[in-house]
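Predicted model, so just to flag it, every value in this text is computed and none were measured. Heavy atoms only: backbone and side chains are in, while hydrogens, waters and symmetry mates are out.
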Amino acid sequence: KHGLEVEICSLGHGGGYIVSNRAILDARHQSDISSVSTSNKLITRLESLEDKYDRVYLLIEVDVEKSGLKNLKNKSNSNHFELTLAKLTAKTNTKILYSKSQDSS
């Protein structure tokens, strides 16, 4: 319709989309961000993407299958999730988007 040629590229670990030559969107499940072992890797990855792209977006999707009500009540996971978001805003210029499910993304 608009005469555009589209090429879909995998970003490797995790899901993501190259939106343009200047913008990229990295999609992650909320449980991945709540994990102590992966949060520092995520921050490093986003810092690396910022070196290559002008605009970096992180899409956080609630993964109901993994989280359910049990993880929502887990204070430790909730605190770590909030701490990771605080680190992201302090260390990167990444814009954070939030989605209730993969379908609504």
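Annotation: Asp51, atom CG; neighbour count of heavy atoms from other residues, nucleotides and ligands within 6.0 Å is above 12.
Residues Arg28 and Arg45 form a side-chain contact, since some pair of their non-hydrogen atoms from C-beta on lies under 4.5 Å apart. Taking the side chain as every heavy atom from C-beta outward, Ile33 and Thr38 never approach each other to under 4.5 Å. Considering only heavy atoms from C-beta on, Ile24 stays 4.5 Å or farther from Val19 through its side chain. At a threshold of 4.5 Å between non-hydrogen side-chain atoms, the residues Ile60 and Phe81 count as touching.
One finds the OH atom of Tyr53 at 3.5 Å from the CD1 atom of Ile18 (value rounded to the nearest 0.5 Å). The OG1 atom of Thr84 sits 11.0 Å away from atom CG of Asp32, with the distance rounded to the nearest 0.5 Å. The distance from the OG atom of Ser99 to the NE2 atom of His29 is 10.0 Å, given to the nearest 0.5 Å.
Under 3.5 Å, the side chains of Tyr98 and Gln30 contain a donor-acceptor pair of N or O atoms.
Applying the side-chain hydrogen bond (donor to acceptor under 3.5 Å, both in side chains) rule to Thr89 yields no partners; only residues at least two apart in sequence or on another chain are considered. For the side-chain hydrogen bond (donor to acceptor under 3.5 Å, both in side chains) test, residues two or more places apart in sequence or in another chain that qualify with Ser39 are His80. Residues passing the side chain to side chain contact (heavy atoms under 4.5 Å, CB included) test with Glu50, sequence neighbours excluded: Val56, Thr92, Asn93, Thr94. Among residues two or more places apart in sequence or in another chain, the side chain to side chain contact (heavy atoms under 4.5 Å, CB included) test is passed with Lys87 by Asn40, Ile43, Leu83. Every residue two or more places apart in sequence or in another chain that forms a side chain to side chain contact (heavy atoms under 4.5 Å, CB included) with Leu97 is listed here: Leu25, Tyr57, Leu59.
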